[in-house]
Amino acid sequence: MTRKARDASEPDWLNPANDRRTPFTDAELDGLASDFLAMNMDVAVWKALITRGGELEALAVVKQRLAAQDTNSLINWHPSGSKH
C-alpha cells in the first residue's frame, strides 16, 4: 500500500510529522475547554449542563473529555505485561 504524496497546498497540521508527542498540560486543557464552551453556548446539551451543574462542572466535563481524546494523555495509558 502506498501513501498518498503530501500535497504542497495542504496545511502543516495535516502533516503527521507535526503530531504532538506530549500530553496537553492542565493550562492548555483549561483554555481548550473554555474556548469549546464559548463556541458551543447555543448547543442545548452544553447549555443544559451549565444550567444544571454550573460552569465549573461543565468545564471539568469538557476538560476530561478532551484529555480522554488525547492519545498521549495518561488517561489513555494502560500497563503492558503482568500486573503485580
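Put simply, CG on Leu32 and CG on Leu59 are 11.5 Å apart, with the number rounded to the nearest 0.5 Å.
Leu37 and Trp46 get closest at one heavy-atom pair: CD2-CE3, 4.0 Å. The nearest pair of heavy atoms linking Leu49 to Glu57 is CD1-OE2, 3.9 Å. Taking both residues in full, the closest heavy atoms of Ala33 and Leu66 are given as N-CD1, 3.8 Å, listed atom of the first, atom of the second, then distance. Met41 approaches Lys47 most closely through the heavy-atom pair O-CE, 3.3 Å.
The local environment of CD in Glu28 is crowded, with over 12 non-hydrogen atoms from other residues, nucleotides or ligands closer than 6.0 Å.
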Practice prompt. Check the pair Asp30, Lys63 against salt bridge (Lys or Arg N to Asp or Glu O under 4.0 Å), reporting the backbone distance first and the verdict last.
Written response: CA-CA 7 Å; Asp30 287 338; Lys63 185 176 172 180; 3.0 Å; yes
